[in-house]
Amino acid sequence: MGFKALTGFRDFYPEKMAVRRALELAWHQASRRAGFQEFDGPVLESLELFTAKSGEEIERQLYAFSDKGDRRVALRPEMTPTLARMVAARANSLPKPIKWYCVPQFFRYERPQRGRGREFFQWNVDVIGASEAAADAEVMAVALDALRILGLGEQDVVLRVSDRRFLRRMLRSIDVEEVQESEVLGWIDKLERDATAAKRLEEILGQKRAREILAWCERMPLDQAPELAEVLGACRDYGIEAFVEPDFKIVRGLAYYTGPVWEIFDRAGELRAVAGGGRYDGLIAEFGGPDLPALGFGMGDVVLRELLQRKGLEPEPAARVEVFVVPVSPEMLKPAREVLLRLRERGVSADAPYGSPKLSKALKAADLSGARRAVLVGPDEWAEGAVRVKDLASGDERKVQLDDLD
RNA sequence: GUGGGUGUAGCUCAGCUGGUUAGAGCGCCAGGUUGUGGUCCUGGAAGCCGGGGGUUCGAGUCCCCUCACCCACCCCA
């Protein structure tokens, strides 16, 4: 065998590409109709940009190398540092709130497995400069809107939401020390997936406090979470309450989030999170910008694709062309090409064989092209300035004057 | 980076305890059908049996190594 794609990297043959485009189209639609503007940044950034906030150990998961000028660089594994950098540079001149989105390709050097490769596309939606709960609810609504465009409803997906401030406060109320916090949060995050997580919590905190936490996971103590109640109220205003469930077990990455945190899962709970986001006030400032509140989410293509496949909702590739032009005999090759170009000029996507294969073969090609109609260019009709238009689904044919062809 | 499973045609897979020139279905190409596609029939192309080494008279089949893929862990920004 010759060359293959690198481990964790994907080839997009046309059928796969069609699915990717359909996802991207849904993402663009949902973003734009909610007033988000598209932006993008460099695929390659200085290594330091990514290690500054997340720590050096993150380098293990980066495609990092030295370029020819001996600069340490890395392929982007996420958008937030770039976004923060870009916003910081123009923060004073941009009207607030800043509502931006992008559909970048990311690279992470890690072991490929279900729902994760070394390269993927991820839709990112962010709001910078808004502290209202309405902003949190709106980005959730935008994420769900894209899923709805793709055919996923409240019976298919669920958005689980918690709040970092609330999590901290609850842990403090049972005297979990600051140094234990990240470890404890880590195990809470794992409760759903890891059978040993509950045991580990007991070992760390003792039976009494561990049970308290498990009770909160069973039934969210909403009466003690005013900030979450506010977000849930905003979710009702944005019409997404059917999708949203408060859940104590939603934690997410420890380095970033400061307020509401949420993830979207398939209802069956078989896959990784389809999307995840939250509020990260303070992060823009940490990247050297002004101290603006910020929030957003990411939705990757890999898990989403998997989910759509399981639900039988994987988008079908569109027909290659609308019309297939067929010369009926070799002397009709030139007239057929005239018809072809005429159609294309009018904005109709059309294709035709390069030569003049047997009619049966040409019709087979027409069939494979996905065209709804075939235009048969034959000597008899051509002499009258006409062609035959065949409906490929029904087989019906009718004679059409060239000038009436659309 | 750690552990387990699997590698045979473009795809899905057969190939019994080692035994001649490695098979099927789908797909692709051609013909049956010189102005009519989808169905059907016939034929064809396509495989260093993932790669390397070993055992053996003989390896797709057994052993070792390696690589890739899948699953789980780590991580999830």
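Quick caveat: nothing in here was measured; it's all calculated off a predicted structure. Residue numbering restarts at 1 for every chain, and letters A, B, ... go by the order of the sequence lines.
Ring pair A:Trp27/A:Tyr101: centre-to-centre distance not below 6.0 Å.
Between A:Thr7 and B:C69, a side-chain N or O to OP1/OP2 separation shorter than 4.0 Å is present. Residue A:Lys190 places at least one side-chain N or O under 4.0 Å from the OP1 or OP2 atom of B:C75. Of the side-chain N and O atoms in A:Lys358, none sit less than 4.0 angstrom from OP1 or OP2 of B:G37. Not one side-chain nitrogen or oxygen of A:Arg108 sits closer than 4.0 Å to the OP1 or OP2 atom of B:C75. Side-chain nitrogen and oxygen atoms of A:Ser360 include none within less than 4.0 Å of the OP1 or OP2 phosphate oxygen of B:U33. Within the 4.0 Å cut-off from OP1 or OP2 of B:C11, not a single side-chain nitrogen or oxygen of A:Lys16 is found.
Comparing the C1' positions of B:C11 and B:U20 gives an interatomic distance of 30 Å, to the nearest angstrom. A gap of 15 Å separates the C1' atoms of B:G15 and B:G25, to the nearest Å. Atom C1' of B:A22 sits at a distance of 13 Å from the matching atom of B:A59, rounded to the whole Å. Across B:C28 and B:G19, the matching P atoms stand 35 Å from one another, rounded to whole Å. Nucleotides B:U42 and B:G58 have their P atoms positioned 41 Å apart, rounded to a whole Å. Here the separation of B:U21 from B:U17, taken at their C1' atoms, is 24 Å to the nearest Å. On the P atoms, B:G53 is 23 Å away from B:G10, given to the nearest whole Å. Taking the P atom of each, B:U55 and B:C63 are spaced 15 Å apart, rounded to whole Å.
Within the nucleic acid shown, A:Pro81 has no heavy atom closer than 4.0 Å to any nucleic acid atom. Residue A:Ala84 is classed as having no contact, given no heavy-atom separation below 4.0 Å to the nucleic acid. Residue A:Gly395 is in base contact, counting any heavy-atom pair closer than 4.0 Å across all strands shown. Residue contacts for A:Glu15: at a heavy-atom cut-off of 4.0 Å it reaches no nucleic acid atom on any strand shown. Counting non-hydrogen atoms under 4.0 angstrom, A:Gly117 reaches nothing in the nucleic acid. Residue A:Thr80 is classed as having no contact, given no heavy-atom separation below 4.0 Å to the nucleic acid. Contacts of A:Lys390 with the nucleic acid, taken as non-hydrogen atoms under 4.0 Å apart, include base atoms. Among the protein residues, A:Arg388 comes within range of the nucleic acid bases, having at least one heavy atom under 4.0 Å from a base atom.
When all heavy atoms of A:Tyr280 and A:Thr80 are compared, the pair lying nearest together is CE1-CG2, 4.2 Å. Contact between A:Glu322 and A:Gly347 at its shortest, heavy atoms only, is OE2-O, 4.3 Å. Here the shortest heavy-atom pairing between A:Gln224 and A:Phe166 reads O-CD1, 3.6 Å. Scanning all heavy atoms of the two residues, the minimum distance from A:Val161 to A:Leu228 falls at CG2-CD1, 3.9 Å. When all heavy atoms of A:Met220 and A:Phe248 are compared, the pair lying nearest together is SD-N, 3.2 Å.
Of the candidates B:G37, B:G35, B:A77, B:A77 carries the atom nearest the A:Arg252 side chain, counting heavy atoms from C-beta on.
Here B:G38 presents its P atom at 16 Å from CG of A:Asp391, a figure rounded to the nearest Å. When the P atom of B:A77 is taken as reference, atom CZ of A:Arg118 falls 20 Å away, rounded to whole Å. As rounded to whole Å, 9 Å separates atom P of B:U36 from atom CG of A:Leu363. In this entry the distance linking NZ of A:Lys364 with C1' of B:G35 reads 18 Å, nearest Å.
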**OP:** Apply side chain to side chain contact (heavy atoms under 4.5 Å, CB included) to the pair A:Arg388 and A:Arg398, showing each step before the final yes or no.
**Re:** CA-CA 6 Å; A:Arg388 298 192 74 80; A:Arg398 65 200 165 88; over 6 Å; no
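Summarising the base pairing, B:C48 is matched to no nucleotide, lacking a Watson-Crick or G-U wobble pair whose two defining distances lie under 3.5 Å. Across every strand in view, B:G43 sits in a pair with B:C29 that passes the Watson-Crick or G-U test at under 3.5 angstrom. Under the Watson-Crick and G-U wobble criteria, each requiring two contacts below 3.5 Å, nucleotide B:G19 is paired to B:C57. Figure legend. B:C73 is base-paired to B:G1; pairs are counted as Watson-Crick or G-U wobble with both atom distances under 3.5 Å.
A:Glu110 contributes no side-chain N or O that forms a donor-acceptor pair with the base of B:G1 under 3.5 Å.
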